[in-house]
Amino acid sequence: MLTVAIIFLATVFGATQTQNFSLVGKAMVLAIVLIYLITTIYGGLISWKTDKVLDELKEADDGQAGRLHKQLAELNHQADHISFAANECPYIGLLGAITGIYFFMTGSGGLGGALDPAHIKEIMSSSLVGLGIAFIPTITGVFFRSVLSWQHHLIEHEVTYVLKGY
């Protein structure tokens, strides 16, 4: 339910903020959202499997407990993919921001090679909105990193708690 709400809010916010967005920026934001969606589905599957093993562990005898602990350790290992995806989201967003800034500086009469102060002042005043838009992919990446890191923490915390015998 939280995932649906987050994607809805991101879509509504994104639709209003990305009207003048470059193709590269849109592609980076789309990549981050897709990574988030796929990783969240993957995390849900791991959570479901973890809950199933934890329920079995409550009713298991000592002979079965070792096998179930091994399954929990494997699920905990698989959950590291969520952490990896979370850590990459800001970098994908940063790539979009850097590309946007590069196009601002070099493309369509941008700052590339023009050192005339009047020209720079004109370009800067007309392009501040575009430069601000360049940072939206980074903001998106950092936001989704936070949510994915939280999902990873929930899985890892529960599994580690059981594996350490607390």
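Every value quoted in this text rests on a predicted model; they were computed, and no experiment measured them.
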From [atom1] ([X]) to [atom2] ([Y]), nearest 0.5 Å:
X: Glu56; Y: Arg67; atom1: CD; atom2: CZ; answer: 6.0 Å
X: Phe144; Y: Gln151; atom1: CZ; atom2: CD; answer: 10.5 Å
X: His153; Y: Glu158; atom1: NE2; atom2: CD; answer: 10.5 Å
X: Ile41; Y: Tyr36; atom1: CD1; atom2: OH; answer: 10.0 Å

Is there a side-chain contact (heavy atoms from CB on, under 4.5 Å) between Met28 and Leu94? Walk through the geometry before answering. CA-CA 9 Å; Met28 295 303 152; Leu94 187 59; over 6 Å; no
Consider side-chain contact (heavy atoms from CB on, under 4.5 Å). Of Pro90, Pro137, Cys89, which one does Val142 pass it with?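 The side-chain contact (heavy atoms from CB on, under 4.5 Å) with Val142 is passed solely by Pro90 among Pro90, Pro137, Cys89.
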With Ile35 as reference, evaluate Thr39, Ile32, Val33 under the side-chain contact (heavy atoms from CB on, under 4.5 Å) test and give the passing residue. Thr39
Say whether, by atom type as modelled, one donor and one acceptor occur between the side chain of [X] and the main chain of [Y] under 3.5 angstrom.
X: Asp55; Y: Lys58; answer: no
X: Ser83; Y: Ala79; answer: no
X: Tyr42; Y: Gln78; answer: yes
X: Asn76; Y: Leu72; answer: no

In chain order, what residues pass the ring pair (Phe, Tyr, Trp, His ring centres under 6.0 Å) check against His77, with sequence neighbours excluded? none
Compare every heavy atom of [Y] with every heavy atom of [X], then report the nearest pair and how far apart it is.
X: Val159; Y: Thr50; answer: CG2-CG2, 3.5 Å
X: Ile155; Y: Gly43; answer: CD1-O, 3.6 Å
X: Ala60; Y: Leu68; answer: CB-CD1, 3.6 Å
X: Ile46; Y: Leu75; answer: CG2-O, 4.0 Å

Under a 4.5 Å side-chain heavy-atom rule over Ile, Leu, Val, Met, Phe, Trp and Tyr, are Trp150 and Phe143 clustered together?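 They do share one cluster, since a chain of ILVMFWY contacts under 4.5 Å joins Trp150 to Phe143.
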In one Ile/Leu/Val/Met/Phe/Trp/Tyr side-chain cluster, 4.5 Å: Leu148, Phe84: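 Shared cluster, no.
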Please walk me through it: do His152 and Asp80 pass side-chain contact (heavy atoms from CB on, under 4.5 Å)? CA-CA 7 Å; His152 176 257; Asp80 287 341; 3.3 Å; yes
Step-by-step side-chain contact (heavy atoms from CB on, under 4.5 Å) determination, Trp48 to Leu45: CA-CA 5 Å; Trp48 176 71; Leu45 182 63; 4.1 Å; yes
